[in-house]
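Any value given below was found using the heavy atoms of this structure, including those in side chains, with hydrogens, waters and symmetry copies removed.
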Amino acid sequence: MYGFWRPQVLGAWRVPAAGPVILAVNHAHGIDGPMLMGTAPRPVHFLIKKEAFIGPLDPFLLGIGQLKVDRTGTDRTAVTGALGVLERGGVLGIFPEGTRGEGDFASLRAGLAYFAVRSGAPIVPVAVLGSGERPGRLVKALPPLRGRVDVVFGDAFEAGDGSGRRTRKALDEATVRIQERLTAHLENARRLTGRTG
């Protein structure tokens, strides 16, 4: 990532140095996941749509510990793999919106709350800004070469209410709490970096 762009990484010290943690990342551009993998202070295991595991990318992604997920239904193998990452004290990266969009955390899905409440792992919000502001000259689908991309880590927080409940209501309440924290972090990251998106 540092060879092609100029990442400005802020707050990486907020990621716990050990133990399970979930990085909740906004997703406006295809480069956001690789940018985080290349700049995070610890190795990150992402849930990635199975369609990305094609050709030589399949053994490469599996080799660096990424998790293949079938988004057409509940993929129990992917869920078990993600919980295993956290049980082993690893870092799980999740795009809470489920797919690329505006990158503003407006449409959170329940998966993040499920993993956080089930594992008890803290969530660290991450804002990747600047990746989709303007297309590159050589490859339109990528940010301009040597362009600045900001990666801003926020304060870790617990998603659960402390009761240990895993009911539908508890997950819904956790999702609301998570959305509030992620939205506030994104607004703060934009102020901090002077970015609008």
Review point. Within a strict 4.5 Å, meaning less than it, do heavy atoms of the I94 and L92 side chains meet?
Key: yes
Review point. When rounded to the nearest 0.5 angstrom, what is the spacing between CD in E87 and OG1 in T80?
Key: 9.0 Å
Check your understanding: Could you give all pairs that pass the side-chain hydrogen bond (donor to acceptor under 3.5 Å, both in side chains) test and reach residues 58-68, with sequence neighbours left out?
Key -> D58-K68
Practice item. Taking the side chain as every heavy atom from C-beta outward, state whether I123 and R181 have any atom pair closer than 4.5 Å. Key: no
Point to revise | Side-chain touch V152/H185, heavy atoms, less than 4.5 angstrom | key: yes
Check your understanding: Is L182 close to L112 at the side-chain level, that is, under 4.5 Å between some pair of heavy atoms?
Key -> yes
Check your understanding: Under 3.5 Å, is there a donor-acceptor pair between the side chain of R42 and the main chain of P16?
Key -> yes
**Study point:** ring pair (Phe, Tyr, Trp, His ring centres under 6.0 Å) involving F46 - partner list, sequence neighbours excluded
**Key:** F95
Review point. Is the closest side-chain heavy-atom distance between P96 and I178 below 4.5 Å?
Key: no
Review point. Should L129 and L186 count as side-chain neighbours, where that means a heavy-atom distance under 4.5 Å?
Key: yes
Exercise for review: Look up atom CG in D70 and atom NZ in K49, then write down how far apart they are to the nearest 0.5 Å.
Suggested key: 12.5 Å
Practice item. Measure from the side-chain N and O atoms of D155 to the backbone N and O of R14, and report whether any donor-acceptor pair falls under 3.5 Å. Key: no
Check your understanding: Say you draw a straight line from CG of L10 to OG1 of T193; how long is it, rounded to the nearest 0.5 Å?
Key -> 7.5 Å
